[in-house]
Amino acid sequence: MGGAATSKSPNGYAGVSAKTPPGWVDGKPNLRVSISARHVHLTDEHVEILFGAGSVLEPDKDLYQDGFYAAKQTVMVVGPRRRMLPNVRVLGPTRPFSQVELALTDSISLGINAPVRHSGKIDGTPGCVLVGPAGTVKLDQGVIRAARHVHMNFADADHFGVKNGDMMQLKIKSPDCSVVFEDVLVRADEAAKLEVHIDTDEGNACNLEAATEVLLRKDDCACKNH
């Protein structure tokens, strides 16, 4: 393909030879697997209630995905019978609705039966109370255990032969703790970098820090049981 040529993929990715897709290294996707610890997403309104009138989220550390960050602010998450998790990090930017993402052990500690849901799918989920330095917010719903998923751009999706909404497999090889995670949801958009998110329980189960190899593949791979 010549230097000025473009191609349009089934995923909508217009590839230009001179442009490297987000996150690619040496002409191919660069997979990152990250543990997503418990955290909270807030609306603008709830930020002001929890931290004071006129407050906004203050970025503390950029996340791998461009435009997203861990904020300086934290909140206390309170469940039934006053069980609580202190200093739960708020992630930015703000969202149209507030949401609390926990691992199973977190939800057990709080006494909340949090269902496994993909981000944003909060209808019918349990709520909790959020406590900040300036006030409290009672959520009627929004507490979930975040389902494992993979962020990718359209060039990544073409590379793996998948599209937004498909399911993939993640195989993690680590000494005496190798695990294959099924049902990894593809969340594809133009700007994302290839990154799988698993929660702290899943990361501990596979001893991710000691992993020697990670492999991402289509869920219908013929070799999935080998």
ask   = Run the salt bridge (charged side-chain N to carboxylate O under 4.0 Å, His left out) check on Asp26 and Lys28 step by step: do they pass?
value = CA-CA 6 Å; Asp26 296 330; Lys28 60 184 179 180; over 6 Å; no
task = State the CG-CG distance between Leu216 and Leu31, to the nearest 0.5 angstrom.
result = 5.5 Å
request  = Could you tell me whether Lys218 and Asp166 make a salt bridge, using a distance below 4.0 angstrom between a side-chain N and a carboxylate O?
outcome  = no
task = Flag this pair as yes if the NZ/CZ of Arg217 is under 6.0 angstrom from the six-membered ring centre of Phe160 and inside a 45 degree cone about the axis; otherwise no.
result = no
query = So, for Ser55 and Val47, which heavy atoms are closest and what is the spacing to 0.1 Å?
reply = O-CG1, 3.5 Å
key: Exercise: identify the closest heavy-atom pair between Asp199 and Asp201   = OD1-N, 3.0 Å
message = Tell me whether Asp189 is salt-bridged to Arg187, with the criterion being a basic N under 4.0 Å from an acidic carboxylate O.
response = no
remark   = Minimal heavy-atom distance between Gly52 and Ala134, with the atoms involved, is N-CB, 3.4 Å
request  = Have a look at Leu91 and tell me which of Leu42, Val40, Leu63 forms a side-chain contact (heavy atoms from CB on, under 4.5 Å) with it.
outcome  = Leu63
inquiry  = Please check this pair: side chain of Thr125 against backbone of Gly142, looking for a donor-acceptor N/O pair closer than 3.5 Å.
reply    = yes
ask   = Distance-only, no hydrogens or angles: does the Arg89 side chain make a donor-acceptor pair with backbone N or O of Lys72 under 3.5 Å?
value = yes
key: Heavy-atom donor-acceptor pair, Arg117 side chain to Asp123 backbone, under 3.5 Å   = yes
ask   = Measuring from Asp62:CG to Phe68:CZ, what's the distance to the nearest 0.5 Å?
value = 11.5 Å
Cluster overlap Ile122 with Val77, hydrophobic side-chain contacts below 4.5 Å = no
note = Of Thr136, Val90, Leu139, the one forming a side-chain contact (heavy atoms from CB on, under 4.5 Å) with Leu130 is Leu139
key: Arg32 side, atom CZ; Gln65 side, atom CD - distance, nearest 0.5 Å   = 9.0 Å
task = Assess whether side chain to side chain contact (heavy atoms under 4.5 Å, CB included) is satisfied between Leu194 and Trp24, documenting all intermediate values.
result = CA-CA 8 Å; Leu194 186 61; Trp24 280 37; over 6 Å; no
query = Do His118 and His149 have ring centroids that are under 6.0 Å from one another?
reply = no
ask   = Between Val143, Leu85, Val78, which is the residue that forms a side-chain contact (heavy atoms from CB on, under 4.5 Å) with Leu110?
value = Leu85
Residue pair Val33, Ile198: steps toward the side chain to side chain contact (heavy atoms under 4.5 Å, CB included) verdict = CA-CA 8 Å; Val33 180; Ile198 57 179; 4.2 Å; yes
key: SB check Glu202 Arg148 (cutoff 4.0 Å)   = yes
inquiry  = Distance check, rounded to the nearest 0.5 Å: Ser119 atom OG versus Gln99 atom CD?
reply    = 4.0 Å
task = With rounding to the nearest 0.5 Å, note down the distance linking NE2 in His39 to CG in Asp106.
result = 11.0 Å
query = Do Ile144 and Phe181 belong together in a cluster built from hydrophobic side chains that touch within less than 4.5 Å?
reply = no
query = For Ala103 and Thr200, which heavy atoms make the closest approach, and how far apart are they?
reply = CB-OG1, 3.4 Å
task = Measure across Ser107 and Arg145 and return the closest heavy-atom pair with its distance rounded to 0.1 Å.
result = OG-CD, 4.1 Å
request  = Please check if Ile35 and Val196 belong to a single hydrophobic cluster, counting links between Ile, Leu, Val, Met, Phe, Trp and Tyr side chain heavy atoms closer than 4.5 Å.
outcome  = yes
ask   = Do the side chain of Ser109 and the main chain of Thr105 share a donor and acceptor less than 3.5 angstrom apart?
value = no
message = Taking Tyr64's backbone N and O only, do any of them form a donor-acceptor pair with Lys193's side chain (distance below 3.5 Å, no angle check)?
response = yes
request  = Might you confirm whether atom CG of Asp60 has over 12 heavy atoms from other residues, nucleotides or ligands at distances under 6.0 Å?
outcome  = yes
key: Under 3.5 Å donor-acceptor, Gln73 side chain and Glu58 backbone   = yes
key: Ser34 and Glu195 side chains, donor-acceptor separation under 3.5 Å   = yes
request  = Could you check Val75 against Phe51 for side chain to side chain contact (heavy atoms under 4.5 Å, CB included), going step by step and ending with a plain yes or no?
outcome  = CA-CA 9 Å; Val75 296; Phe51 302 103; 3.6 Å; yes
task = Would you mind reporting whether Pro80 and Cys128 have side-chain heavy atoms less than 4.5 Å apart?
result = no
key: Reported CG-to-CD distance for the pair Asp183 and Gln169, which is rounded to 0.5 angstrom   = 9.0 Å
ask   = With the 4.5 Å side-chain cut-off for hydrophobic clustering, are Ile112 and Met84 part of the same group?
value = no
message = Any donor-acceptor pair under 3.5 Å linking the side-chain atoms of Ser36 with those of Glu101?
response = no
ask   = With distance as the sole test, does Asn207 use its side chain to make a donor-acceptor pair with the main-chain N or O of Asn204 at under 3.5 Å?
value = no
key: N/O donor-acceptor pair under 3.5 Å between Thr212 side chain and Lys173 backbone   = yes
query = Is the backbone of Ala192 close enough, under 3.5 Å, to the side chain of Asn153 for a donor and an acceptor to pair up by distance?
reply = yes
Short side-chain to backbone donor-acceptor contact, Glu182 and Asp219, under 3.5 Å = no
ask   = Shared ILVMFWY cluster between Val88 and Ile49, side chains joined below 4.5 angstrom?
value = yes
query = So which heavy atom on Pro115 is nearest to which on Pro126, and how close?
reply = CD-CD, 3.6 Å
query = Under the side chain to side chain contact (heavy atoms under 4.5 Å, CB included) criterion, do Leu185 and Val150 qualify, and how do the steps go?
reply = CA-CA 6 Å; Leu185 177 73; Val150 54; over 6 Å; no
